[in-house]
Amino acid sequence: MIDFRYHLVSLISVFLALAVGIVLGAGPLRENLGDQLAGQVEQLRTEQDQLRSQADELGIQNDQLASFITEIGPDLVADTLPGNDIAILTDDSSTRPATERTSELLEEAGAQSVTRVDLQPALWEPDEDDRRTEAISAISAIAPGALDTELEGSEQLSAVIVTLLAPAAEDSDLDPELRAQIWQILVDHQLVTLTGDMPPQVDGVIFASAAPEDLAEESEDDTAATERAQGLLASQTALVDQLAVGDLPAVVAGATPHNDSTTSLLRTVRGDSELEALSTTDRLEEADGPVLSVLALIEQARGGAGAYGTTADAQARLPELPETRSALGAPSGGGPEGSGPAPSDGGGDQ
């Protein structure tokens with residue numbers, strides 16, 4: 001049995017240890033420990049200052065490179081796409097400044113026509129099911145073969161947009177007149193709007209996708225916002241899936257205002273091995289973003305693909321620079337096919 005003397009000795013030991021600790025802490029150990037902590041703090045402060053300086057320097061270098069790319073952009077793309085028809089798809093009006101600049105660059109490249117296809121919110125909004133069902137029924141009545149029966153609703157209509165842009169398969173009955181009728185159905189049901197004359201088919205596509213915050217509605221509650229986001233993602237995914245399985249040169253250009261592609265359409269494309277045939281560019285909202293997308297389209301037409309820009313998942317700053325010659329082939333109506341350098345392996349070191 002433990003008696004009182006055991007407790008007394010234990011208490012004396014505890015207080016003795018405490019007293020020794022106080023004495024040592026107030027004397028030799030305090031100075032040593034304080035010096036160590038002060039040294040570590042100073043080292044961390046120095047490293048922080050160095051990293052901040054490096055970040056500032058890299059930011060300046062990137063701004064200088066972006067200005068240089070923007071300045072020489074027209075010369076880089078000049079006469080690389082003579083006589084070709086290009087479509088620019090976009091999912092929000094916020095991309096208009098970038099797509100207008102992209103159109104200007106495509107004209108510098110010699111494109112015969114540039115048509116803008118604005119995807120309207122009715123294509124994916126949860127409360128627009130009836131509108132989409134009516135459009136699908138109207139298309140099915142005149143061209144059932146144009147619809148992918150394995151898809152439904154928004155996904156089916158998104159896929160058919162790419163089908164209308166791409167060259168027709170040998171067994172397809174999608175002649176120019178029928179394509180025009182389907183486009184009219186999509187326009188009449190307010191699923192898309194067209195700017196410019198839509199050719200029977202195009203030679204290349206740039207999908208300019210807005211930043212996630214521009215595609216959201218601040219007034220929606222969480223449930224509605226989630227449904228909207230799911231519908232938008234399903235529509236976008238069906239569209240890029242259809243682009244990836246075809247032979248149509250295509251680029252997905254995303255707006256990344258915070259230099260972050262993890263919340264945008266780029267995350268879907270860059271993270272999926274089945275979509276690696278597509279090229280991607282970030283920085284759409286920046287001055288050099290349109291130049292990157294056009295350069296990537298030129299590279300796409302020559303058999304290359306890559307992910308370009310400044311976000312963490314980009315493979316290179318910009319694609320391999322093209323020679324000034326036709327990339328997508330001869331203008332409509334005949335003539336020799338354009339030639340170009342060997343396909344890129346995913347962009348040069350710039």
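FYI, side chains are in, hydrogens and waters are out, and symmetry mates aren't considered; it's all heavy atoms of this structure.
- Of the possible donor and acceptor atoms, one in the side chain of Thr115 sits under 3.5 Å from a partner among the backbone N and O of Asp197.
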Would you please test Asp260 and Thr311 for side-chain contact (heavy atoms from CB on, under 4.5 Å) and show each step?
-> CA-CA 6 Å; Asp260 179 15; Thr311 58; 5.8 Å; no

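- In terms of modelled atom types and a separation under 3.5 Å, the side chain of Gln300 and the main chain of Ala250 share a donor-acceptor contact.
- Side chain of Arg228 to backbone of Glu217: no donor-acceptor contact under 3.5 angstrom is found.
- Judged by distance alone, with hydrogens and angles left aside, the side-chain atoms of Ser235 form no donor-acceptor pair with the main-chain N or O of Gly231 at under 3.5 Å.
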Step by step, would you call Gln112 with Asp85 a side-chain hydrogen bond (donor to acceptor under 3.5 Å, both in side chains)?
-> CA-CA 6 Å; Gln112 177 173 268; Asp85 299 308; 3.2 Å; yes

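- Under the 3.5 Å distance criterion, the side-chain polar atoms of Asp203 are left unmatched by any main-chain donor or acceptor of Asn84.
- Here the OG-CD1 distance, from Ser137 to Ile142, works out to 12.0 Å after rounding to the nearest 0.5 Å.
- The cluster map of Ile, Leu, Val, Met, Phe, Trp and Tyr, joined by side-chain heavy atoms under 4.5 Å apart, puts Val251 and Leu165 in different clusters.
- Using modelled atom types and a 3.5 Å distance limit, the side chains of Asp91 and Gln236 yield a donor-acceptor pair.
- Two residues are said to be in side-chain contact when any heavy atoms from C-beta on lie closer than 4.5 Å; Leu51 and Gln48 fail this criterion.
- Using a 4.5 Å heavy-atom cutoff, the side chains of Arg96 and Arg116 are in contact.
- Nearest heavy-atom pair across Leu318 and Leu321 is CD1-CD2, 3.6 Å.
- How far OG1 of Thr268 is from CG of Leu239: 12.0 Å, rounded to the nearest 0.5 Å.
- What you find for Val117 and Met198 is that their closest heavy atoms are CG2-CE, 3.5 Å.
- Other residues, nucleotides and ligands contribute more than 12 heavy atoms inside 6.0 Å of the CD atom of Glu213.
- Shown here for Ala314 and Tyr308, the closest heavy-atom pair between the two residues is CB-C, 3.9 Å.
- Separation of atoms CD1 (Ile139) and CD (Gln156) is listed at 8.0 Å; rounding is to 0.5 Å.
- Ser209 approaches Thr95 most closely through the heavy-atom pair C-CG2, 4.1 Å.
- Under the 4.5 Å side-chain contact rule for hydrophobic residues, Val114 and Leu164 do not share a cluster.
- The distance from atom OG1 of Thr256 to atom CG of Leu265, rounded to the nearest 0.5 Å, is 12.0 Å.
- A donor-acceptor contact shorter than 3.5 Å links the side chain of Arg179 to the backbone of Leu174.
- A salt bridge links Arg270 to Asp282: one of the charged nitrogens lies within less than 4.0 Å of a carboxylate oxygen.
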Check the pair Ser279 / Val252 against side-chain contact (heavy atoms from CB on, under 4.5 Å), numbers first and verdict last.
-> CA-CA 6 Å; Ser279 287; Val252 178; over 6 Å; no

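- Side chain of Arg267 to main chain of Ser261: no donor-acceptor pair is present (N/O by atom type, distance under 3.5 Å, no hydrogens or angles).
- Side-chain contact check for Ile88 versus Leu106: some heavy-atom pair is nearer than 4.5 Å.
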Would you please test Arg132 and Asp129 for side-chain contact (heavy atoms from CB on, under 4.5 Å) and show each step?
-> CA-CA 5 Å; Arg132 291 191 290 268; Asp129 283 334; 2.5 Å; yes

Show your working on side-chain contact (heavy atoms from CB on, under 4.5 Å) between Ile298 and Leu81 and close with a plain yes or no.
-> CA-CA 8 Å; Ile298 296 168; Leu81 307 174; 4.1 Å; yes

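- Nearest heavy atoms, Leu297 versus Gly204: CD1-CA, 4.2 Å.
- Using a 4.5 Å cut-off on side-chain heavy atoms (C-beta onward), Leu119 and Thr90 make no contact.
- Heavy-atom contacts from other residues, nucleotides or ligands closer than 6.0 Å to CD of Glu177 number 12 or fewer.
- For the pair Pro290 and Ser293, the tightest heavy-atom approach, listed with the atom from each and the gap, is O-OG, 2.7 Å.
- Other residues, nucleotides and ligands contribute over 12 non-hydrogen atoms within 6.0 Å of the CG atom of Asp49.
- The closest donor-acceptor contact from the side chain of Ser264 to the backbone of Gly254 lies at 3.5 Å or more, if one exists at all.
- With hydrophobic clusters built from ILVMFWY side chains whose heavy atoms lie under 4.5 angstrom apart, Leu248 does not share a cluster with Ile206.
- Here Glu299 does not pair with Arg302 in a salt bridge; the nearest charged N to carboxylate O distance is not below 4.0 Å.
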Take Thr223 and Asp221, measure what side-chain hydrogen bond (donor to acceptor under 3.5 Å, both in side chains) needs, and give me the verdict at the end.
-> CA-CA 6 Å; Thr223 300; Asp221 58 31; 4.5 Å; no

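- Considering CG of Leu275 and CG of Leu243, their distance stands at 9.5 Å, rounded to 0.5 Å.
- Ion pairing between Glu134 and Arg131 fails under the 4.0 Å rule for side-chain N and carboxylate O.
- Tracing side-chain contacts under 4.5 Å through hydrophobic residues (I, L, V, M, F, W, Y), one never reaches Leu266 starting from Leu284; they form parts of separate clusters.
- Side chains of Gln43 and Val41 form no contact here, defined as non-hydrogen atoms less than 4.5 Å apart.
- Within the 4.5 Å cutoff, no side-chain heavy atoms of Phe207 are placed close to those of Leu278.
- Ion pairing of Asp288 with Arg317 is present here, as a side-chain N (NZ or NE/NH1/NH2) and a carboxylate O approach within less than 4.0 Å.
- Inter-residue side-chain proximity for Val205 and Ile86 is flagged as unmet; no heavy-atom pair is nearer than 4.5 Å.
- Open room surrounds CD on Glu71; 12 or fewer heavy atoms of other groups in view lie less than 6.0 Å from it.
- Each of Ile185, Val160, Leu147, Leu151 was compared with Ile136 under the side-chain contact (heavy atoms from CB on, under 4.5 Å) criterion, and only Leu147 meets it.
- Of the possible donor and acceptor atoms, none in the side chain of Glu155 sits under 3.5 Å from a partner among the backbone N and O of Ala234.
- Hydrophobic clustering of Ile, Leu, Val, Met, Phe, Trp and Tyr side chains at less than 4.5 Å, counting indirect connections, unites Leu215 with Leu89.
- To the nearest 0.5 angstrom, Asp214 atom CG is 3.5 Å from Ser94 atom OG.
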